[in-house]
Amino acid sequence: MQPPHALFTRRLAANPYLSLPELQVSNELKKMTAFIRQEALEKAHEIHLKADEEFAIEKSKLVRGETAEIDKQYEKKFKQAGMSQQITKSTVANKTRIKVLSARQELLDKLFQQAQEQLSSRTSDASAYQGICKNLILEGLYALNEKKVAIRARKADYEVVRKSIEDATKEYKENVKNDVSVELDEKEPLPEDSAGGVSIVGGGGKIDINNTFDERLKLLESDALPSMRLTLFGENKNRKFHD
């Protein structure tokens, strides 16, 4: 269907003698049509702008949501990676510490093993060994402070220990001014595979002071170990308490 102004224009072209009111009506129709068209264009533009605005808002929401989710996932993975790194670092540090402690203990064990092996050489010099045994016996006599004491030793050391008993008994009497009877107990000798030294027995056989080389070395391992660690490895900075 043709618009009114188009129909009127055709009529005007066919009949140039149309009346003035008809021309006015045609002009008005043109104006109305132009107005409606302009309104439609403006409305369409407005709708387009609003649609673009809503699209931009929704797009921004989606982008923010996805960005927040990505940040959340990244933060989670970052924390997991940090925790994993700490665990790995702690594990490596512990393994390294264990290796260091193991190496140190191995060195200490080797030193004490060497000391154990050298103990037997201390008995090869009879004169020096006799003096050592005398001092070990004296130590036991002073500790027991009894009138009758028995000495146990290896069978191989009986000759040396008998001389040590004489020397120790004499020195004890001179220093303490008390008489003491010291006998070599040949019924219960010390094991032949021991390193040497003596055992002083008192209290009717109930008290045994173990002054053998093996026992003294054990005491040395316990008492001298802290100072040996300090000398060999230096002070442990992580240690709060010291012996």
With side chain to side chain contact (heavy atoms under 4.5 Å, CB included) as the test, pick out the partner of Ile151 among Leu136, Val198, Val201. Val198

Would you compute the distance between atom NZ of Lys134 and atom NZ of Lys163 and round it to the nearest 0.5 angstrom?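 If we round to the nearest 0.5 Å, Lys134:NZ and Lys163:NZ are 14.5 Å apart.
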
If you take all heavy atoms of Asp157 and Gly196, which pair is closest and at what distance?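 For Asp157 versus Gly196, the nearest heavy atoms are OD2-CA, 4.2 Å.
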
Side-chain ([X]) to main-chain ([Y]) donor-acceptor, under 3.5 angstrom:
X: Asp185; Y: Arg152; result: no
X: Thr88; Y: Ser84; result: yes
X: Ser60; Y: Ala56; result: no
X: Ser102; Y: Ile98; result: no
X: Ser90; Y: Gln86; result: no
X: Arg154; Y: Ser194; result: yes

Flag for Ser127-Asp125: side-chain donor and acceptor within less than 3.5 Å: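 No - no donor-acceptor pair under 3.5 Å links their side chains.
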
Checking side-chain polar atoms at under 3.5 Å, does Asp208 have a donor or acceptor matched by the opposite partner on Ser199?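 Side-chain D/A pair, Asp208 to Ser199: present.
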
Please check if the number of heavy atoms outside [X] that lie under 6.0 Å from its [atom1] is greater than 12.
X: Glu75; atom1: CD; answer: no
X: Glu186; atom1: CD; answer: yes
X: Gln85; atom1: CD; answer: no
X: Glu106; atom1: CD; answer: no
X: Glu66; atom1: CD; answer: no

Sub-4.5 Å side-chain heavy-atom contact between Ile57 and Glu53: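 Yes, side chains in contact.
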
Do the non-hydrogen side-chain atoms of Phe213 and Thr123 ever get within less than 4.5 Å of each other? yes

Between Asp179 and Lys173, is there a side-chain N and carboxylate O pair less than 4.0 Å apart?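 Yes, Asp179 and Lys173 are salt-bridged.
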
Tyr142, Val149: one ILVMFWY side-chain cluster at the under-4.5 Å cut-off? yes

